[in-house]
Protein chains: 2
Amino acid sequence: MTTAKRDTYTPETLLSVAVQVFIERGYDGTSMEHLAKAAGISKSSIYHHVTGKEELLRRAVSRALDGLFGILDEEHARVGRAVERLEYVVRRMVEVLTSELPYVTLLLRVRGNTDAERWALERRRDFDHRVADLLKAAAADGDVRGDVEVRLATRLVFGMINSIVEWYRPDGRGVGEREVTDAVAQLVFSGLRNQAQ
Amino acid sequence: MTTAKRDTYTPETLLSVAVQVFIERGYDGTSMEHLAKAAGISKSSIYHHVTGKEELLRRAVSRALDGLFGILDEEHARVGRAVERLEYVVRRMVEVLTSELPYVTLLLRVRGNTDAERWALERRRDFDHRVADLLKAAAADGDVRGDVEVRLATRLVFGMINSIVEWYRPDGRGVGEREVTDAVAQLVFSGLRNQAQ
DNA sequence: CCTTGTCCCGACCGATCGTTCGGTTACTCT
DNA sequence: AGAGTAACCGAACGATCGGTCGGGACAAGG
């Protein structure tokens with residue numbers, strides 16, 4: 001077998017350390033010295049694994065975006081009544097948010113100062129539009145209330161879901177992933193769904 | 001009369017410029033040179049009006065926090081049935097968010113790297129707890145649904161409201177403040193309020 | 001006229017930024 | 001044992017960071 005044990009860093013393991021620090025201090029507020037200290041290696045050693053600071057950010061947001069876009073390819077997001085596909089996507093978004101928590105957290109805080117950040121913002125907008133179209137279709141079906149504008153509702157629902165990264169912590173037995181998913185679905189759809197149906 | 005005209009900077013007018021740049025580039029991503037360029041004066045001139053970069057941040061988040069805490073002192077937030085006080089606070093939060101948009105935006109992005117930031121985070125937590133208590137009281141009255149945990153619901157509602165700063169722009173005639181306020185109230189309370197009452 | 005104070009500037013400070021480089025350890029394979 | 005290489009290090013790079021300093025322009029008040 002090849003290399004049974006590995007107590008050295010790979011780009012992936014280094015990334016998981018870096019992302020933690022990025023979240024705590026902010027990307028711009030994190031120096032390579034901070035990363036080195038957190039990883040337990042010297043500053044220059046980091047460059048043996050990655051080309052620089054920005055690559056770490058790029059890898060992180062890529063992972064988050066892949067997880068989110070992956071939802072749209074799943075069967076329940078593609079076939080069926082629009083309002084039910086929407087509910088499926090909303091529930092899966094919460095699951096991806098919690099399972100890929102640090103990476104999504106970083107994605108949601110990107111401001112667009114560098115090329116990597118601007119690319120991430122663009123892909124994020126794409127995803128938002130895809131979900132907004134789903135809500136629009138559900139509205140056309142008459143399955144969601146009509147007295148709140150679709151674009152506005154989309155943004156508010158996204159806001160609620162995305163805010164999960166601000167407080168959800170998977171380790172402690174505070175609230176489970178399932179509990180959060182259910183709560184979001186209840187709040188969103190008991191507010192959105194047309195009661196008169 | 002004293003000093004009829006003023007085409008020079010005051011700490012307040014300088015702050016409004018600085019806050020814009022802070023929002024666009026992030027606080028850590030903004031250098032004093034960036035601020036100087038945006039204000040049209042030299043870097044060293046900024047220090048004639050404020051003691052430094054951190055004071056600008058402190059002034060900004062203070063203004064946001066004053067606006068939010070001011071809500072809790074208003075009459076409709078102090079007297080009446082808990083669920084109605086809660087709705088009033090929610091609506092007023094949206095109004096303060098939109099009217100003090102740049103300052104609240106900055107407040108919500110604070111991470112806690114400096115003393116000023118940690119102080120802001122602490123006061124923010126205080127405010128959150130005050131509103132959470134209101135929701136708890138409404139739950140005790142039986143006015144909000146019981147199948148979603150109060151703490152969880154508070155966080156999700158806060159998430160929805162706070163996310164407004166990510167897209168609301170007062171200048172363009174996209175969506176008006178009143179429209180946003182109504183939409184939030186509808187979504188939140190048609191989801192939260194106990195239908196069986 | 002001269003002072004006083006506000007407002008601003010260019011030049012510069014030590015510190016820290018992300019990154020590079022030459023070299024050393026330590027493990028793998030033959 | 002010896003060669004090759006992955007992993008790492010300390011020292012240093014130019015650039016930029018937040019902040020300081022001494023002084024100039026200009027208006028108000030005497």
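Letters go in sequence order (proteins before strands), and every chain restarts at 1. Note that this is a predicted model, so its numbers are computed, not measured.
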Identify, with sequence neighbours excluded, every residue that meets ring-ring contact (aromatic ring centres under 6.0 Å, His included) alongside A:H76.
A:Y88
All N/O pairs under 3.5 Å across the protein-nucleotides 26-28 of chain D interface:
none

OP1 or OP2 of D:dC8 sitting under 4.0 Å from any side-chain N/O of A:H48?
no
Side chain to side chain contact (heavy atoms under 4.5 Å, CB included), paired with A:E100, selected from A:V104, A:T98, A:L97:
A:V104
Spacing of A:L14 atom CG relative to D:dA7 atom P, expressed in whole Å
12 Å
Please check this pair: side chain of A:Y9 against backbone of A:A39, looking for a donor-acceptor N/O pair closer than 3.5 Å.
yes
I'd like to check the side-chain contact (heavy atoms from CB on, under 4.5 Å) partners of B:T51; sequence neighbours left out, ordered by chain and number.
B:E55
Starting from P on D:dT16, measure out to NZ on B:K37 and report it in whole angstrom.
12 Å
Could you tell me whether the phosphate oxygens of C:dT6, OP1 or OP2, come under 4.0 Å of any side-chain nitrogen or oxygen in B:H49?
no
Decide, yes or no, whether a salt bridge links B:D115 with B:R118 under the criterion of side-chain N to carboxylate O below 4.0 Å.
yes
A:R145 and A:D147 ion-paired at < 4.0 Å:
yes
Does a donor on one side chain and an acceptor on the other come within less than 3.5 Å for B:S31 and B:H34?
yes
Atom pairs and distances, donor-acceptor, side-chain atoms in residues 128-138 of chain B, under 3.5 Å, two or more places apart:
unit_1: B:H129; atom_1: ND1; unit_2: B:R125; atom_2: O; d: 3.4

Has the side chain of A:R78 got a donor or acceptor atom that lies under 3.5 Å from a matching backbone atom of A:D73?
yes
Taking every non-hydrogen atom, the tightest pair across B:P102 and B:V19:
CB-CG1, 3.4 Å
Stem ranges of DNA chain D by first residue number, counting only runs of at least 3 Watson-Crick or G-U pairs under 3.5 Å, come to C:1-30 with D:1-30
Could you run through nucleotides 9-22 of chain C and give me one letter per nucleotide, 5' to 3': B if any protein heavy atom sits under 4.0 Å from the base, S if only the sugar-phosphate is that close, - if neither?
BB------SBBBB-
